Amino acid sequence: MNARPFFLLLVLLWAFQAAGQGFSGLGTSAEGFALPDPDYRFDFPTDHGAHPDFRIEWWYVTANMTGADGRPYGLQWTLFRTALAPGAGNGWQSPQLWMGHAAVTTPDAHHVAERLARGGIGQAGVTADPFEAWIDEWRMAGPSVGDVRLTAQGRDFGYDVRLIADGPLVPQGVGGYSVKSDEGQASHYYSQPHYRLAGTLNLPEGAVEVTGTAWLDREWSSQPLSADQTGWDWFSLHFEGGDKLMGYRLRDATDAPYMVATWIAPDGTPTPYAAGALQAIPMQAARVAGRDIPVRWRLTMPTRGLDIEVAAINPQSWMDTSVAYWEGPVTAQGTHRGVGYLEMTGYE
């Protein structure tokens with residue numbers, strides 16, 4: 001192997017693993033980096049682009065799809081940016097590092113691929129207007145964030161789908177300022193949960209035409225977790241009546257989990273809820289990659305009359321990547337019915 005690519009690989013792996021120890025090198029000091037401001041208001045389309053003065057950022061798409069025969073599928077496309085130091089830099093001097101994850105989940109299989117890249121040399125990046133996010137040959141690109149083509153390929157899978165939004169962008173938290181702990185750690189966070197999707201999955205058994213719904217999460221921060229938080233359980237749910245729910249449960253090594261939520265009306269109007277309004281209780285675990293992972297949950301939210309069970313379509317949806325975690329499509333049954341996605345990090 002050529003020395004420079006080998007060295008680059010080691011640097012990238014070190015950086016992302018350091019940023020993901022228990023998923024929370026994210027709780028270490030953010031000295032020198034910009035910090036989220038509760039008074040900041042989003043500036044679009046500029047904020048669809050990168051924020052190199054912050055330490056960590058992502059463009060995160062999940063999708064629930066069905067084939068012509070009604071079989072369920074899940075899709076993930078994620079571009080992560082992390083920084084060794086603030087600022088964009090030039091060429092090989094850039095401190096910005098990039099990582100891409102792509103996956104397709106079926107009831108019987110979970111296909112995963114990963115890309116690693118160095119910033120400043122054109123291998124990965126994001127432009128805001130027209131919108132394009134890329135790493136190597138993977139692309140999320142279109143005239144705007146509301147109209148994009150999403151592509152990725154792995155050793156045994158690929159996809160090419162179109163996403164068109166039929167609702168507005170949604171700020172998470174209060175005006176996009178999303179608090180993560182009682183200590184006040186926070187991020188800037190917004191979503192586009194209103195995508196309609198159509199396109200093709202390429203799987204070992206052949207091409208599959210799919211339709212469905214998709215959800216984009218955009219988040220940036222420099223210390224989004226507290227030092228004692230070890231990981232999170234994140235839910236995004238589309239209900240049959242048109243309402244949507246985002247909730248995350250941040251696990252603490254010593255105290256009770258910190259959980260907040262946003263209820264999104266069919267017209268896109270968000271109602272943020274402070275810690276405690278939504279409760280998530282693990283109901284059933286599966287043995288996944290040598291770990292016990294909760295793959296069935298009970299979610300309750302009395303203020304919304306919500307009492308549901310959320311279950312994985314494929315319990316073995318393990319992202320065996322440089323920083324490993326569980327990510328896969330789920331169904332919701334109970335007072336509200338629907339589909340969505342669950343991400344769980346920090347399970348050792």
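Bear in mind the structure is a predicted one, so any value in this text is a computation, not a measurement.
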Main-chain N/O of [Y] paired to [X] side chain as donor or acceptor, under 3.5 Å:
X: Gln96; Y: Pro52; result: yes
X: Arg118; Y: Trp92; result: yes
X: Trp59; Y: Arg81; result: no
X: Glu57; Y: His51; result: yes
X: Asn64; Y: Gly340; result: yes
X: Thr335; Y: Gly305; result: yes
X: Arg149; Y: Leu163; result: no
X: Tyr159; Y: Gln76; result: yes
X: Ser222; Y: Phe54; result: no
X: Trp326; Y: Pro315; result: yes

With a 4.5 Å limit on heavy-atom distance, are the side chains of [X] and [Y] in contact?
X: Pro86; Y: Arg55; result: no
X: Phe33; Y: Leu35; result: no
X: Ile308; Y: Leu237; result: yes
X: Phe131; Y: Ser144; result: no
X: Leu79; Y: Trp138; result: no
X: Asp320; Y: Val112; result: no
X: Trp263; Y: Met301; result: yes
X: Tyr341; Y: Val330; result: no

Assess the pair [X] and [Y]: is the distance between their ring centroids shorter than 6.0 Å?
X: His238; Y: Tyr195; answer: no
X: Trp215; Y: His194; answer: no
X: His48; Y: Phe42; answer: no
X: Tyr189; Y: Trp220; answer: no

Geometric cation-pi criterion Lys180 and Tyr248, 6.0 Å radius, 45° cone: yes

Lys/Arg cation over aromatic Trp232: Arg251, 6.0 Å, 45° cone: no

Quick test of your reading of the model: are [X] and [Y] salt-bridged, counting only N-O distances below 4.0 Å?
X: Asp166; Y: Arg196; result: yes
X: Arg71; Y: Asp108; result: yes
X: Arg162; Y: Asp147; result: yes

Evaluation steps, side chain to side chain contact (heavy atoms under 4.5 Å, CB included), between Trp77 and Thr62: CA-CA 7 Å; Trp77 189 101; Thr62 54; over 6 Å; no

Would you call the rings of [X] and [Y] parallel, tilted or perpendicular if under 30° counts as parallel and over 60° as perpendicular?
X: Tyr60; Y: Phe80; answer: perpendicular
X: His188; Y: Tyr40; answer: tilted
X: His336; Y: Phe239; answer: tilted

Between [Y] and [X], do the side chains contain a donor N or O and an acceptor N or O under 3.5 Å apart?
X: His110; Y: Gln316; value: no
X: Ser322; Y: Glu114; value: yes
X: Gln172; Y: Ser178; value: no

Looking at every heavy atom in both [X] and [Y], which two are closest together, and how far apart are they?
X: Pro204; Y: Asp156; value: CD-O, 3.2 Å
X: Pro282; Y: Ala280; value: CD-O, 4.0 Å
X: Pro143; Y: Asp129; value: O-OD1, 4.2 Å
X: Val126; Y: Ala133; value: CG2-CB, 3.9 Å
X: Thr262; Y: Pro270; value: CG2-CB, 3.8 Å
X: Leu278; Y: Gly247; value: CD2-CA, 3.9 Å

More than 12 heavy atoms of other groups within 6.0 Å of Glu205 CD: yes

Arg287, CZ atom: more than 12 neighbouring heavy atoms under 6.0 Å: yes

Please round to the nearest 0.5 Å and tell me the distance separating atom [atom1] of [X] and atom [atom2] of [Y].
X: Leu97; Y: Leu84; atom1: CG; atom2: CG; result: 4.5 Å
X: Trp134; Y: Trp98; atom1: CH2; atom2: CH2; result: 7.5 Å
X: Tyr273; Y: Leu245; atom1: OH; atom2: CG; result: 9.5 Å
X: Met259; Y: Gln279; atom1: CE; atom2: CD; result: 7.5 Å
X: Ser187; Y: Glu219; atom1: OG; atom2: CD; result: 3.5 Å
X: Ser94; Y: Ile121; atom1: OG; atom2: CD1; result: 9.0 Å

Should [X] and [Y] be counted in the same cluster of Ile, Leu, Val, Met, Phe, Trp and Tyr side chains packed under 4.5 Å apart?
X: Val145; Y: Leu75; answer: yes
X: Val323; Y: Trp318; answer: no
X: Val260; Y: Ile264; answer: yes
X: Val61; Y: Val339; answer: no
X: Tyr258; Y: Phe235; answer: no

Thr331 and Val310: CA distance, side-chain angles, deciding distance, side chain to side chain contact (heavy atoms under 4.5 Å, CB included) verdict: CA-CA 6 Å; Thr331 60; Val310 173; over 6 Å; no

Chi angles and distances behind the salt bridge (charged side-chain N to carboxylate O under 4.0 Å, His left out) call for Asp307, Arg298: CA-CA 7 Å; Asp307 190 343; Arg298 182 184 179 192; 2.7 Å; yes

Full working for side chain to side chain contact (heavy atoms under 4.5 Å, CB included) between Thr151 and Gln153: CA-CA 7 Å; Thr151 61; Gln153 305 82 33; 4.1 Å; yes

side-chain hydrogen bond (donor to acceptor under 3.5 Å, both in side chains) between Asn314 and Tyr73, intermediate numbers included: CA-CA 10 Å; Asn314 182 345; Tyr73 298 89; over 6 Å; no

Derivation and outcome, side chain to side chain contact (heavy atoms under 4.5 Å, CB included), residues Thr200 and Val210: CA-CA 6 Å; Thr200 304; Val210 290; over 6 Å; no

